[in-house]
Amino acid sequence: MDRSELLKTFQRMATEIAEKDFGHVTEEHVIADLGIDSLGMLELVGSMERELQIAVPDEQLVGIQTVKQLLDLVDKRAKASA
């Protein structure tokens, strides 16, 4: 999955979870500024794990603040499991 597809997956799942439109979100956005709290973040990561068939250990989420950081982590986990 390329980077633009990953971003679209994030946008779609964030929209479903937060029930807001996140189609405008870029990698530079800070996740907390989007109104996604820590529980929402875990739900979002869980959805991405299921969709992409990867596992992201909770401890690797510590310090993740931007969409770019989250996508970097998800991309790394996806490549490791491929």
Side-chain angles (χ1 to χ4, degrees):
M1 180 173 280
D2 72 19
R3 197 61 178 216
S4 66
E5 290 172 332
L6 262 182
L7 181 59
K8 285 181 180 146
T9 299
F10 172 87
Q11 291 168 336
R12 180 173 42 84
M13 293 185 170
T15 296
E16 289 172 12
I17 289 165
E19 299 179 353
K20 294 184 202 172
D21 179 22
F22 288 104
H24 66 285
V25 171
T26 66
E27 291 194 25
E28 287 70 42
H29 279 92
V30 174
I31 295 169
D33 290 350
L34 300 173
I36 299 174
D37 61 11
S38 57
L39 184 60
M41 175 76 157
L42 290 176
E43 196 175 341
L44 178 60
V45 170
S47 293
M48 293 185 84
E49 286 175 318
R50 286 186 294 281
E51 172 123 344
L52 303 173
Q53 299 179 357
I54 60 171
V56 179
D58 290 345
E59 62 270 8
Q60 290 190 0
L61 296 174
V62 174
I64 299 286
Q65 294 182 359
T66 65
V67 174
K68 180 184 183 321
Q69 290 171 320
L70 177 60
L71 295 184
D72 285 345
L73 175 59
V74 167
D75 192 34
K76 181 174 136 188
R77 299 298 299 177
K79 286 178 178 162
S81 68

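- Under the rule for a salt bridge (charged side-chain N to carboxylate O under 4.0 Å, His left out), the partners of Asp72 that lie at least two apart in sequence or sit in another chain are Arg3, Lys68.
- Annotation: side chain to side chain donor-acceptor pair (under 3.5 Å) contacts involving residues 29-46, sequence neighbours excluded, comprise Thr26-His29.
- Contacts of Glu16 classified as side-chain contact (heavy atoms from CB on, under 4.5 Å), with partners at least two apart in sequence or in another chain: Arg12.
- No continuous path of hydrophobic side-chain contacts links Leu44 to Val30 [ILVMFWY only; heavy atoms under 4.5 Å].
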Assess the residue pair Val67 and Glu28 against the criterion (side-chain contact (heavy atoms from CB on, under 4.5 Å)); give the C-alpha distance rounded to whole Å, side-chain angles, the decisive distance to 0.1 Å, and a yes or no.
CA-CA 6 Å; Val67 174; Glu28 287 70 42; over 6 Å; no

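- Gln60 is linked by a side-chain hydrogen bond (donor to acceptor under 3.5 Å, both in side chains) to nothing, counting only residues two or more places apart in sequence or in another chain.
- Between Leu6 and Leu52, the closest side-chain pair of non-hydrogen atoms falls below 4.5 Å.
- Legend: ring-ring contact (aromatic ring centres under 6.0 Å, His included) pairs involving residues 32-82, not counting sequence neighbours: none detected.
- Between Met48 and Val56, the closest side-chain pair of non-hydrogen atoms is not below 4.5 Å.
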For Thr66 and Leu71, what are the C-alpha separation, side-chain angles and deciding distance, and is it a side-chain contact (heavy atoms from CB on, under 4.5 Å)?
CA-CA 9 Å; Thr66 65; Leu71 295 184; over 6 Å; no

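- Remark: Asp2 engages Ser4 in a side-chain hydrogen bond (donor to acceptor under 3.5 Å, both in side chains) (not counting sequence neighbours).
- Once rounded to the nearest 0.5 Å, the distance linking CG of Leu73 with CD of Gln69 reads 9.5 Å.
- More than 12 heavy atoms of other shown residues, nucleotides or ligands fall within 6.0 angstrom of atom CD in Glu5.
- By the side-chain contact (heavy atoms from CB on, under 4.5 Å) test, Asp21 pairs with Thr15, sequence neighbours left out.
- Proximity of Val74 to Val45: side-chain heavy atoms (C-beta onward) are nowhere separated by under 4.5 Å.
- Here the CG atom belonging to Leu7 is positioned 6.0 Å from the CD atom belonging to Glu27, to the nearest 0.5 angstrom.
- Checked by atom type and distance alone, the side chain of Gln11 never pairs as donor or acceptor with a backbone atom of His24 at under 3.5 Å.
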Name the atoms and distances for all side-chain donor-acceptor pairs under 3.5 Å in residues 75-82, with sequence neighbours left out.
unit_1 : atom_1 : unit_2 : atom_2 : d
Asp75  : OD2    : Lys79  : NZ     : 3.2
Arg77  : NE     : Ala55  : O      : 2.8
Arg77  : NH2    : Ala55  : O      : 3.1
Ser81  : OG     : Arg77  : O      : 3.3
Ser81  : OG     : Ala78  : O      : 3.2

